[in-house]
> 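Next up is a structure, given as structure tokens.
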There are 2 protein chains.
Amino acid sequence: MGVMDRVKAPATKPRTPKATPRPASADLPLDRILQGDCVAMMRSLPAASVDMIFADPPYNLQLGGDLHRPDGSQVDAVNDEWDKFDSLATYDRFTHAWLKEAKRILKPGGSIWVIGSYHNIFRVGAALQDQGYWILNDIVWRKANPMPNFKGTRFTNAHETLIWASMGEKARYTFNYRAMKTLNDELQMRSDWLIPICGGQERLKKGGAKVHPTQKPEALLYRILLACSNPGDVILDPFFGTGTTGAVAKRLGRHFIGIEREDDYIAAALERIEMALPLDESAVKTMMAPTAATRVAFGTLVEGGLVPPGSVLTDAKRRWKAVVRVDGSLDCEGQDAGSIHKVGAGVQGAPSCNGWTFWHVDDGKQLRVIDAVRQDWLLANEA
Amino acid sequence: MGVMDRVKAPATKPRTPKATPRPASADLPLDRILQGDCVAMMRSLPAASVDMIFADPPYNLQLGGDLHRPDGSQVDAVNDEWDKFDSLATYDRFTHAWLKEAKRILKPGGSIWVIGSYHNIFRVGAALQDQGYWILNDIVWRKANPMPNFKGTRFTNAHETLIWASMGEKARYTFNYRAMKTLNDELQMRSDWLIPICGGQERLKKGGAKVHPTQKPEALLYRILLACSNPGDVILDPFFGTGTTGAVAKRLGRHFIGIEREDDYIAAALERIEMALPLDESAVKTMMAPTAATRVAFGTLVEGGLVPPGSVLTDAKRRWKAVVRVDGSLDCEGQDAGSIHKVGAGVQGAPSCNGWTFWHVDDGKQLRVIDAVRQDWLLANEA
DNA sequence: ATTATTGCTGAATCAGCTG
DNA sequence: TCAGCTGATTCAGCAATAA
């Protein structure tokens with residue numbers, strides 16, 4: 001059976017035996033689509049085994065009659081059985097059921113993304129909070145090209161909302177801050193994202209008709225997976241549809257597990273993911289966090305003679321001076337001696353301080369921040 | 001007693017006698033601030049008597065310790081007793097209580113606006129639906145100048161959410177479609193609004209300190225009142241604060257009723273509303289502030305597949321080559337990876353470089369500068 | 001313990017230019 | 001020479017669930 005084949009998973013729970021602590025991923029149907037009900041299929045997956053979940057559940061749109069454009073043509077709206085629920089209570093039960101399984105399956109340091117519109121997102125958000133998830137951000141997907149409000153009765157519904165949540169208030173989670181900042185031209189990535197709706201070549205069609213009414217753009221998943229997962233991570237999508245999550249996961253070197261009921265969607269997803277080309281390793285590399293890339297102790301610079309013992313450091317406005325001691329600690333009048341960070345915090349009366357950007361050496365003409373000296377050392381010793 | 005004086009409303013209900021169907025507005029404390037608890041004061045108002053409600057309830061932020069900026073200064077955060085709730089359940093009870101009174105007070109053709117953040121908006125939205133309100137739109141207030149995420153732990157929280165709802169699925173409501181379209185340069189008003197946070201002259205201060213920690217910009221209320229009420233209508237604001245709703249209502253020729261507990265807020269609101277001039281044209285100008293920023297990050301083109309990861313960029317004379325990575329950074333032999341600008345500067349040994357005009361993609365036949373690719377994206381997505 | 005971490009707006013200030 | 005203007009620069013401030 002090929003990597004992309006669908007899998008009819010057993011309804012029973014093949015949990016990892018407690019006595020044999022193998023990696024949970026050994027039990028996982030990686031890079032496959034499980035066909036069936038989303039809650040039942042999730043029950044078949046082991047606890048604490050996936051790194052991230054992306055979920056695009058039914059929106060419970062509750063649309064009325066047909067909608068026509070001013071030119072008389074009919075809008076091709078969502079009108080599928082899977083989007084119909086009897087009542088808000090039914091929808092809430094459904095939401096709580098799958099969110100509960102999701103929480104079981106996620107690793108303690110994992111996180112979940114859910115997308116929705118005003119029809120369902122408030123139910124979803126409240127359910128997430130009720131189940132102890134900790135909301136980290138709500139993200140607004142601003143559609144560059146939304147459908148207009150033909151009747152002129154409301155504001156053009158030009159966005160959808162995503163919720164990103166961790167396993168709990170104190171839980172760890174993955175956030176690739178540098179990658180997001182790099183992706184956004186060296187500005188922090190904000191909570192409002194402008195991304196076109198899925199169309200053109202990317203939109204899957206069969207006989208001229210949309211295969212799926214609400215296919216999500218790959219750019220959206222690209223940003224999410226890049227921000228909140230790492231290469232090799234396992235991403236679960238319990239409402240797989242035509243497999244946007246799978247296609248992007250493959251491109252970015254992540255594993256996926258999809259769950260989907262409908263034959264047509266699965267067939268389209270399999271074909272699509274088969275054609276997706278994984279990026280080669282160098283392209284998948286992202287900007288490292290400065291921590292990982294440039295960890296050099298200040299003492300190394302002292303040892304190496306770049307900042308000799310006895311040098312005088314000062315802040316950018318020459319308000320304070322400190323003397324470098326042989327062990328790389330600083331001696332500053334009226335302060336306990338200590339690290340560049342501690343003494344920097346001390347003189348400012350601040351709770352903390354990044355000594356690398358606070359302290360400067362004076363070469364007689366101008367000040368030079370010691371972080372620049374650190375870069376010199378790195379260039380000379382790593383490149 | 002002047003129009004702007006505060007009123008200590010009775011706790012009992014001076015309802016309109018059924019036998020004498022006078023206009024409900026005869027019983028209303030128009031253009032006044034009722035001091036007291038919001039639910040108790042709402043109980044004092046007659047049923048089906050107001051045309052619109054704008055509510056800015058406590059967000060239940062649940063902040064932890066102090067937050068400091070990278071420069072060591074402390075963030076002046078919301079830390080007021082009125083924003084503290086024991087639990088989600090307590091907050092839900094509070095929300096249901098005031099929404100229930102709101103529904104009693106609203107006319108059948110009235111509508112309600114509630115603003116919140118991800119901390120509380122999902123509770124509010126679910127409660128609105130549970131009480132039979134019908135959500136018409138969710139609106140995203142995109143802040144032009146949000147506070148950055150200083151710790152680099154999440155996406156910059158750059159928006160708040162508003163919910164607009166009518167009295168029920170079949171209820172009528174006011175929506176001034178033409179006014180909104182005119183306000184938006186003859187384009188339908190979308191559900192995402194770019195408006196600066198409240199600052200400058202508009203921000204009420206006392207002794208250099210903010211009077212209210214979360215004063216809303218008048219531009220926001222201006223758009224809401226213009227869209228969903230008519231001149232002479234009665235607008236209720238059960239969390240009046242420093243009276244943004246009252247000031248804008250006066251300017252636009254609407255009546256307001258404010259409810260507020262705190263003496264300081266009421267005093268500031270009274271003074272402010274006294275000074276507000278009806279129909280100040282400058283307000284309209286504020287609204288016409290640019291609604292679409294056209295900045296496009298290189299990462300957007302990478303995400304969107306216009307310049308896929310792994311693509312090779314080169315300068316106009318093909319002297320240097322660089323590989324595009326998933327996060328939009330460039331990898332170039334002998335250089336530190338970084339942004340298109342930084343790597344462009346690096347290879348040339350220049351202090352700076354405009355990467356948009358320096359780097360080109362090679363389509364096999366000819367080179368195409370990436371700035372042209374950016375123009376393509378803009379044309380396809382903004383025009 | 002270590003060390004990484006901020007963007008946009010508007011007011012105020014100031015240098016430089018003009019009439 | 002100076003008042004007045006312009007543009008560059010600086011600086012304070014903002015609903016935050018903040019390693």
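Each chain gets a letter, A, B and so on, in the order its sequence line appears, and its residues count up from 1.
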> Does a side-chain N or O of A/His341 approach OP1 or OP2 of C/dT2 to a distance below 4.0 Å, or not?
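Negative; the distance criterion is not met.
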> Tell me if a side-chain donor or acceptor on B/Gln215 pairs with a main-chain N or O of B/Glu202 at a distance below 3.5 Å.
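Present.
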> Please list each protein N or O that sits under 3.5 Å from an N or O in nucleotides 8-11 of chain C, with the distance.
| unit_1 | atom_1 | unit_2 | atom_2 | d |
| --- | --- | --- | --- | --- |
| C/dC8 | O3' | B/Ala144 | O | 3.3 |
| C/dT9 | O4' | B/Asn145 | ND2 | 3.3 |

> List the atom of A/Val124, the atom of A/Leu99, and the distance in Å for their closest heavy-atom pair.
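Taking every non-hydrogen atom into account, O-CD1, 4.2 Å.
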> Give the rounded distance in Å between these two atoms: CE of A/Met180 and C1' of C/dT6.
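Rounded to whole Å, this separation is 18 Å.
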> How many Å lie between CD on B/Gln74 and C1' on D/dA18, as a whole number?
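Spelled out: CD on B/Gln74 to C1' on D/dA18 is 13 Å.
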> How is the base pairing of DNA chain D summarised as a dot-bracket string, given the Watson-Crick and G-U wobble criteria with both distances under 3.5 Å, [ ] for crossing and | for another strand?
.|||||||||||||....|
> Among C/dT6, D/dC14, C/dT3, which is the nearest nucleotide to the side chain of B/Ile197?
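It is D/dC14.
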> Go through D/dA15, C/dT3, C/dT6 for me and flag the one nearest to the B/Lys216 side chain.
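Between D/dA15, C/dT3, C/dT6, the one nearest the side chain of B/Lys216 would be D/dA15.
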> Of all the choices, D/dA16, D/dA15, D/dA18, which nucleotide is nearest to the side chain of B/Lys151 once you look at every atom?
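Output: D/dA18.
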> Tabulate below the donor-acceptor pairs under 3.5 Å that side-chain atoms of residues 336-345 of chain A make, not counting sequence neighbours, or state none.
| unit_1 | atom_1 | unit_2 | atom_2 | d |
| --- | --- | --- | --- | --- |
| A/Ser339 | OG | A/His341 | N | 3.3 |
| A/Ser339 | OG | A/Lys342 | N | 3.0 |
| A/His341 | ND1 | A/Gly355 | N | 2.9 |

> Please report the distance, rounded to the nearest Å, between CG in B/Asp71 and P in C/dA4.
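Atom CG in B/Asp71 sits about 17 Å away from atom P in C/dA4.
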> Separation of B/Arg123 atom CZ from D/dA15 atom P, in whole Å?
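My rounded result for the distance is 24 Å.
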> Please tell me if A/Arg374 has a side-chain N or O lying less than 4.0 Å from either OP1 or OP2 of C/dA4.
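Checking A/Arg374 against C/dA4: at least one side-chain N or O falls below 4.0 Å of OP1 or OP2.
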> Compare the minimum distances between each of C/dT2, D/dA16, D/dA15 and the side chain of B/Lys143, then state the nucleotide with the smallest one.
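Closest nucleotide among those given: D/dA15.
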> When the distance from CD of A/Gln188 to P of C/dA4 is rounded to whole Å, what number comes out?
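Distance, rounded to whole Å: 16 Å.
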> Looking at A/Tyr173, I'd like to know whether one of its side-chain N or O atoms comes within less than 4.0 Å of OP1 or OP2 on D/dA18.
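For A/Tyr173, the contact criterion (side-chain N or O under 4.0 Å from OP1 or OP2 of D/dA18) is not met.
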> My understanding is that only residues two or more places apart in sequence, or in another chain, count here; which of them pass side chain to side chain contact (heavy atoms under 4.5 Å, CB included) with B/Lys206?
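Partners of B/Lys206 under the side chain to side chain contact (heavy atoms under 4.5 Å, CB included) test: B/Val211.
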> Hey, could you give me each pair passing side chain to side chain donor-acceptor pair (under 3.5 Å) that has a residue in residues 237-247 of chain B? Not counting sequence neighbours.
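Qualifying pairs: B/Asp237-B/Thr245, B/Thr244-B/Arg272.
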> Residues in side chain to side chain donor-acceptor pair (under 3.5 Å) with B/Asn354, at least two apart?
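Counting only residues at least two positions away or on another chain, B/Asn354 forms no side chain to side chain donor-acceptor pair (under 3.5 Å).
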> Could you please name the option among D/dA15, C/dT3, C/dG7 that lies closest to any side-chain atom of A/Ser352?
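Comparing D/dA15, C/dT3, C/dG7 against the side chain of A/Ser352, the answer is C/dT3.
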> What's the closest nucleotide to the side chain of B/Pro148 if the choices are D/dA16, C/dT5, C/dT6?
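So the side chain of B/Pro148 is nearest to C/dT6.
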